[in-house]
A.B. asks: 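The structure under discussion is supplied below as structure tokens; questions concerning it will follow.
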Amino acid sequence: MATTIQQLEIALQPILSGIAKSTPKIDEALSLIQSVDPCSAGAKAAMDKSKVVRDQGAAIYNNEVLPYITAFNKLNQAAEGAVKQKANEFNQRILDAQKPFLAKNDIVKMTQTSFAEKIAKCPAATSPATAS
């Protein structure tokens with residue numbers, strides 16, 4: 001059975017909406033640690049929250065976007081002629097929507113790693129009982 005443009009459009013919408021839904025989580029994960037001093041009292045909590053929020057964004061992407069991309073790719077393989085052209089246009093839209101998300105996700109992972117390293121290098125807090 002040949003693929004129709006309508007099938008492609010139906011597969012495209014949840015991909016774009018899933019990316020749009022997951023991207024703010026990635027932005028939030030980054031902002032949680034960008035403005036925090038790694039040696040401050042709240043640094044570890046900010047790091048932990050950043051990881052949770054990033055994982056939420058990744059879960060949305062993995063669960064709500066990737067299955068539709070797989071379905072879209074199957075439809076694309078079965079497309080012919082003008083429908084194939086439209087599939088290629090839609091595929092480019094998907095790639096364009098994915099690029100910022102994937103780039104931000106990589107930045108968040110690198111920033112989290114760097115932030116964790118900075119936390120580990122912070123001098124240990126001296127408790128009032130042992131201060132002399």
Side-chain angles (χ1 to χ4, degrees):
M1 183 168 110
T3 299
T4 66
I5 291 175
Q6 183 180 18
Q7 288 172 310
L8 292 170
E9 289 171 341
I10 290 169
L12 177 66
Q13 291 314 310
I15 294 169
L16 298 178
S17 68
I19 292 169
K21 199 160 89 173
S22 57
T23 300
K25 290 288 186 187
I26 300 302
D27 292 338
E28 180 184 351
L30 187 58
S31 72
L32 282 164
I33 56 176
Q34 279 184 324
S35 61
V36 175
D37 177 351
C39 293
S40 69
K44 175 83 170 87
M47 179 67 177
D48 292 345
K49 176 73 173 166
S50 177
K51 286 181 177 180
V52 167
V53 172
R54 187 208 152 272
D55 288 348
Q56 290 170 344
I60 292 168
Y61 184 82
N62 291 335
N63 297 328
E64 297 182 25
V65 176
L66 290 181
Y68 283 101
I69 288 176
T70 300
F72 181 87
N73 288 337
K74 287 179 183 176
L75 291 170
N76 190 359
Q77 290 172 350
E80 299 172 354
V83 176
K84 184 69 168 181
Q85 267 187 298
K86 196 60 152 173
N88 290 337
E89 288 175 29
F90 287 171
N91 193 47
Q92 189 58 52
R93 284 179 61 189
I94 292 168
L95 293 173
D96 290 345
Q98 280 180 309
K99 282 179 191 175
F101 170 82
L102 296 173
K104 287 178 183 183
N105 190 46
D106 287 345
I107 290 168
V108 169
K109 285 193 268 186
M110 289 185 293
T111 304
Q112 287 173 335
T113 300
S114 171
F115 193 76
E117 291 168 356
K118 289 176 184 174
I119 288 174
K121 291 178 183 175
C122 290
T126 305
S127 68
T130 59
S132 50

A.B. asks: Got a second to check how far S22's OG is from E64's CD, nearest 0.5 Å?
C.D. replies: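 With rounding to 0.5 Å, OG (S22) is 8.5 Å from CD (E64).
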A.B. asks: About how many Å separate CG of L30 and CE of M110, when rounded to the nearest 0.5 Å?
C.D. replies: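 Here the rounded value is 10.0 Å.
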A.B. asks: Going through the distances and angles, do R54 and K109 end up as a side-chain contact (heavy atoms from CB on, under 4.5 Å)?
C.D. replies: CA-CA 9 Å; R54 187 208 152 272; K109 285 193 268 186; 3.4 Å; yes
A.B. asks: Around atom CZ of F115, are there more than 12 heavy atoms from other residues, nucleotides or ligands closer than 6.0 Å?
C.D. replies: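 Enclosed.
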A.B. asks: Under a 3.5 Å distance rule, please check whether Q77 uses its side chain to pair with a backbone N or O of K74 as donor and acceptor.
C.D. replies: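 No.
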A.B. asks: side-chain contact (heavy atoms from CB on, under 4.5 Å), that's the test. Do N76 and T3 meet it? Break it down for me.
C.D. replies: CA-CA 7 Å; N76 190 359; T3 299; over 6 Å; no
A.B. asks: Does K21, at its NZ atom, have more than 12 non-hydrogen atoms belonging to other residues, nucleotides or ligands within less than 6.0 Å?
C.D. replies: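 Open: at most 12 neighbouring heavy atoms sit under 6.0 Å from NZ of K21.
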A.B. asks: Search all heavy atoms of M47 against all heavy atoms of A116 and return the closest pair with its distance.
C.D. replies: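 The pair with the smallest heavy-atom distance is CE-CB, 3.8 Å.
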A.B. asks: Could you tell me the separation between the NZ atom of K84 and the CG atom of N91, rounded to the nearest 0.5 Å?
C.D. replies: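 Between atom NZ of K84 and atom CG of N91 there are 9.0 Å.
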A.B. asks: Got a donor-acceptor contact below 3.5 angstrom from the S31 side chain to the E28 backbone?
C.D. replies: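 Side chain of S31 to backbone of E28: a pair is present.
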A.B. asks: Taking all non-hydrogen atoms of both residues into account, name the closest pair between I19 and V65 and its distance.
C.D. replies: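 For I19 versus V65, the nearest heavy atoms are N-CG2, 3.5 Å.
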A.B. asks: How many angstroms lie between atom CD1 of I107 and atom CG of D27, to the nearest 0.5 angstrom?
C.D. replies: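 Separation between the atoms: 10.0 Å.
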A.B. asks: Between L32 and K49, what is the shortest heavy-atom contact and its length?
C.D. replies: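 Closest pair (atom of L32, atom of K49, distance): CD1-CG, 3.4 Å.
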A.B. asks: Taking the side chain as every heavy atom from C-beta outward, state whether T4 and V83 have any pair of such atoms under 4.5 Å apart.
C.D. replies: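 T4 does not reach V83 side chain to side chain.
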A.B. asks: Count I, L, V, M, F, W, Y as connected when their side-chain heavy atoms are under 4.5 Å apart, and connections chain through other members. Are I15 and I60 then in the same cluster?
C.D. replies: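 Each belongs to a different hydrophobic cluster.
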A.B. asks: Looking at F101 and G57, what are the two nearest heavy atoms and their distance?
C.D. replies: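 That would be CZ-O, 4.2 Å.
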A.B. asks: Please report the interatomic distance CD(Q13) to CZ(F72), rounded to the nearest 0.5 Å.
C.D. replies: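 Those atoms lie 11.0 Å apart.
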A.B. asks: Are V36 and V52 linked, directly or through intermediate hydrophobic residues, by side-chain heavy-atom contacts shorter than 4.5 Å (ILVMFWY only)?
C.D. replies: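 No, V52 and V36 fall in different hydrophobic clusters.
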A.B. asks: Report the C-alpha distance between Q98 and Y61 in whole Å, list the side-chain angles of each, state the deciding distance to 0.1 Å, and finish with yes or no for side-chain hydrogen bond (donor to acceptor under 3.5 Å, both in side chains).
C.D. replies: CA-CA 10 Å; Q98 280 180 309; Y61 184 82; 2.5 Å; yes
A.B. asks: I69, F90: one ILVMFWY side-chain cluster at the under-4.5 Å cut-off?
C.D. replies: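 Yes; F90 is reachable from I69 via cluster members.
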A.B. asks: Test salt bridge (Lys or Arg N to Asp or Glu O under 4.0 Å) on D48 and K44 and set out the steps.
C.D. replies: CA-CA 6 Å; D48 292 345; K44 175 83 170 87; 2.9 Å; yes
A.B. asks: If we count only N and O atoms by modelled type, under 3.5 Å, do the side chains of Q112 and S50 hold a donor and an acceptor together?
C.D. replies: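 Yes, a side-chain donor-acceptor pair sits under 3.5 Å.
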A.B. asks: If you compare all heavy atoms of I26 against all heavy atoms of V108, which two are closest, and at what distance to 0.1 Å?
C.D. replies: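 For I26 and V108, the tightest heavy-atom pair comes out as O-CG2, 3.5 Å.
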A.B. asks: If we ignore hydrogens and angles and just use 3.5 Å, is the side chain of T70 paired with the main-chain N or O of L66 as donor and acceptor?
C.D. replies: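 Side chain of T70 to backbone of L66, a donor-acceptor pair under 3.5 Å: yes, one is there.
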A.B. asks: Hey, could you give me the CD1/NZ distance between I94 and K99, rounded to the nearest 0.5 Å?
C.D. replies: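 Reported to 0.5 Å precision, the distance equals 13.0 Å.
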A.B. asks: Indicate the atoms forming the closest heavy-atom contact of P38 with A43, along with that distance.
C.D. replies: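 Answer, listing the atom of P38 first, then A43: O-CB, 3.1 Å.
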A.B. asks: Do Q92 and N88 get their side chains close enough for a donor-acceptor pair, meaning under 3.5 Å?
C.D. replies: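 Side chains of Q92 and N88: no pair found under 3.5 Å.
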